[in-house]
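The structure appears below as structure tokens.
Values below: every heavy atom of this structure, side chains too, minus hydrogens, waters and symmetry copies. Labels below follow one simple rule: chain letters A, B, ... track the order of the sequence lines, proteins then strands, and each chain is numbered from 1.
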There are 4 protein chains.
Amino acid sequence: MPATRTSNRRVRARAPETTREALVGAAYAQLAEHGFEGLRTREIAGAVGVNIATLHYYFPHKQDLVRSVVGHAMARFRSTLSGSGAPADQLRAHFEGLRLLSRKEPQLFAVMGELALRAARDPAIAAILRKTDDTWHETLAALVRQARKDGALDEQIEPEGIAALIVAALKGTYLIPVASAQPERLDQTLHQLERSLGLRRKTTRRRP
Amino acid sequence: MPATRTSNRRVRARAPETTREALVGAAYAQLAEHGFEGLRTREIAGAVGVNIATLHYYFPHKQDLVRSVVGHAMARFRSTLSGSGAPADQLRAHFEGLRLLSRKEPQLFAVMGELALRAARDPAIAAILRKTDDTWHETLAALVRQARKDGALDEQIEPEGIAALIVAALKGTYLIPVASAQPERLDQTLHQLERSLGLRRKTTRRRP
Amino acid sequence: MPATRTSNRRVRARAPETTREALVGAAYAQLAEHGFEGLRTREIAGAVGVNIATLHYYFPHKQDLVRSVVGHAMARFRSTLSGSGAPADQLRAHFEGLRLLSRKEPQLFAVMGELALRAARDPAIAAILRKTDDTWHETLAALVRQARKDGALDEQIEPEGIAALIVAALKGTYLIPVASAQPERLDQTLHQLERSLGLRRKTTRRRP
Amino acid sequence: MPATRTSNRRVRARAPETTREALVGAAYAQLAEHGFEGLRTREIAGAVGVNIATLHYYFPHKQDLVRSVVGHAMARFRSTLSGSGAPADQLRAHFEGLRLLSRKEPQLFAVMGELALRAARDPAIAAILRKTDDTWHETLAALVRQARKDGALDEQIEPEGIAALIVAALKGTYLIPVASAQPERLDQTLHQLERSLGLRRKTTRRRP
DNA sequence: CATGAATGAGCATTCATTCAT
DNA sequence: CATGAATGAATGCTCATTCAT
């Protein structure tokens, strides 16, 4: 029977998660903050309060830990894709959800960005990201298709193209952090996206 | 008289550029291929055929070399922003130009992606990127504004929002390489962008 | 009643030996295969199918386990020294026995070689090996002495010198594995030894 | 032009050898003293008085350094094989030379022993050792053959077998350090070898 | 300008050993 | 008896940087 967290002699207070989960969480945070370039196993172990050898007990190689972090990030992100209600409402909710997420957990987007770049050199990560990408694209295309059928969107609209545009715009908005210094750009982009889709009246202004 | 490049004992044929320029070019290529994570000064010096100490003669610190690479990349990118002709044509040309550039010099986008992520941790890079970003945004907004005045675009259109959307979509398309495995997404995005702007008839299909 | 070996959940079939004996046997095998340089307690425990902590229950320190392996190897080797019959026959049998042993249990010689080298740095092992060495030497000297008395060997022969030569030649033959690639050297050596002792006619050839 | 030793800022006095040679020498000494098991690059660098990174500057991998040590040891050993004079005298000189060498440079035999054992797991070392072994064997066989022709040795003698016996006995004597505690064994072995070859009268005693 | 040699600080990984359960 | 979890102390190796020539 594994020792319970409470009986652990470690002083540092921690949520009642396993050491393994704590390591993944710490690696996730470190990756968001320092990128792959600055991802140090010792730093991760230190953040959790365990010896570096303990990290290697759970994840023999750094790569194994990274893989777990990828899984963690993907799960976090995919959880934002589910929704309910009318398609047009779901689209609006998706945009709004990402906006909120970017404020509450900016780490997720930083990690996604790192993974996206690393995917160019790591086929394993590329495959995983592609799967998430496809799911995202398909989810949006289905929503647009349904909204069009419901009459909420113009019949001339092409669901695939629209979905591709949305995904690209959201990636460009959230994964490329340069614009974060100009938050109005983010809003402009999203509003324009909603306007282009007819989800928002053209006369509506952000700050009346 | 100092020895000219041609009298140099280095065998590797090189354009008549200075060692300094060669180093920046090699660093640019290395950054595109291996990212910041795998950027090694020895590798760069080796690619140019000079001793590592020579690299440090021109760029005392790695950071200095990186800064030069940033400048190099920015210059390359900004050169794609200039154009002439009717605004609507210029917009089309901009899209087409990027499409071509992504095929002819994919390195530029890889480097831009790396810089964009690093900007989150490096204020100096962030500032430079922001300037380019602003230029890009302004150029597009001006074009849209002019096109609207010319009657080529709907009067209801908001130049700022459209520009933000275009920039975001292009960033998401070119700087995030995941989609590269599904090249049709790239085209879908660009076509949809053109359609949304009325630059392309809705009935126009890529492959009739 | 304590659980017997047979009720153990370990799947790997094992002779009805104690865990302790199994550990010594596994360590013996590992030492033969990887040498002291590659002797890993985890590997040994893994081969037996027990936890590394269990190994340390039986052998608090790696050194303790090694000591047991030394004892095991010595016992194996000394068992080859006993014999019966006429001295000359015993000598022949000893040579033949080692030849067979080197084919059937090459591990023993590998381990002996490792121990012999380590003896230079480990007085405890040196003492044990010296004892075996003395026994070996004395056994041979006694045989030679008796054979000489029996008239089977030349009266001029010096038992001590002959014994030392035999031991040295056998060590050089069996403990130094380089020659293993030239198996004929091994036979040449043994035949020559037998010839020198008059145990084999000079005209006898291995391959007529 | 490489900096001369004398201008080096290192305090530790050293023979006027290159850093590279000093590293090989230190590795040789360390290997003799601690065996492969205890061979530490940091220790070697420390003995020479250079940083560990300097060691890796000359020998990128530990293996590379070991290879140089093997070459060094082989050169040392082969230098003992050359001789001049009558074959019988050369044989006597060879024995005497090894006896002296074992006193003056016991490290060589310790290293040879380590290499011999490691050869079982390292084909590269095995190949090198085999070559030296063959040279040794051939040199001795040729001497014996010549001595036989000169009438210094019995016509019945088989040069190949005798050479194999000599090599085995010398290996067992010098590479297996156990007997070093009983130095008389070493002499007994060598004397017996000489007697067996007729190089020494049977009545000759070391200590009358 | 250019280089060979050298280094300090650090990195992922390993391994025998310990301990609460 | 036996184990999962954890650790301290290395170990081979890397990399940007320095410096005398």
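Atoms CE and CG, on M112(D) and L129(D) in that order, are 5.5 Å from each other to the nearest 0.5 Å. Separation of atoms CD1 (I44(C)) and CZ (F59(C)) is listed at 9.5 Å; rounding is to 0.5 Å.
Between the P atom of dA9(F) and the CG atom of N51(A) lies a distance of 10 Å, rounded to the nearest Å. dC15(F) atom P lies 11 Å from atom CZ of R40(A), rounded to whole Å. The CZ atom of F36(D) sits 13 Å away from the P atom of dG12(F) (whole-angstrom rounding). Look at CD on E37(C): it is 14 Å from C1' on dC15(E), rounded to the nearest Å. When rounded to the nearest whole Å, the span between OH of Y58(A) and P of dA12(E) equals 20 Å. The interatomic distance linking I52(B) (CD1) with dA5(E) (C1') rounds to 13 Å, in whole Å. To the nearest angstrom, P of dA12(E) lies 10 Å from CD of E43(A). Between the NE2 atom of H56(A) and the P atom of dC11(E) there is a distance of 12 Å, given to the nearest Å.
The side chain of V50(B) lies closest to dT3(E), out of dT17(E), dT14(F), dT3(E). For T19(A), the listed nucleotide lying nearest its side chain is dA6(F); candidates were dA6(F), dT18(E), dC15(F).
Close to dA2(F), at under 4.0 Å from its OP1 or OP2, lies no side-chain N or O of Y57(C). Between dG12(F) and H61(D), no contact under 4.0 Å exists linking OP1 or OP2 to a side-chain N or O. Contact check, T41(B) against dA16(F): a side-chain N or O comes under 4.0 Å of OP1 or OP2. Of the side-chain N and O atoms in T54(A), none sit less than 4.0 angstrom from OP1 or OP2 of dA5(F).
Looking at R118(C) and E37(D), a side-chain N of the basic residue comes within less than 4.0 Å of a carboxylate O on the acidic one, giving a salt bridge.
Between R42(A) and L55(D), the residue anchored closer to the 5' end of DNA chain E is L55(D), taking for each the nucleotide with the nearest heavy atom. Heavy-atom nearest nucleotides on DNA chain F were determined for K62(D) and for A53(A), and the one closer to the 5' end corresponds to A53(A).
With a cut-off of 3.5 Å on both Watson-Crick or G-U wobble distances, the partner of dT21(E) is given as dA2(F). dA9(F) and dT14(E) make up a base pair, with Watson-Crick or G-U wobble contacts both under 3.5 Å.
Heavy atoms of L39(B) sit under 4.0 angstrom from primed sugar atoms or phosphate atoms, though from no base atom.
Heavy atoms only, all atoms of each residue included: A27(C) and L39(C) are closest at O-CD1, 3.9 Å.
No cation-pi contact links R20(A) to Y58(A), judged by a cut-off of 6.0 Å to the six-membered ring centre and 45° from its axis.
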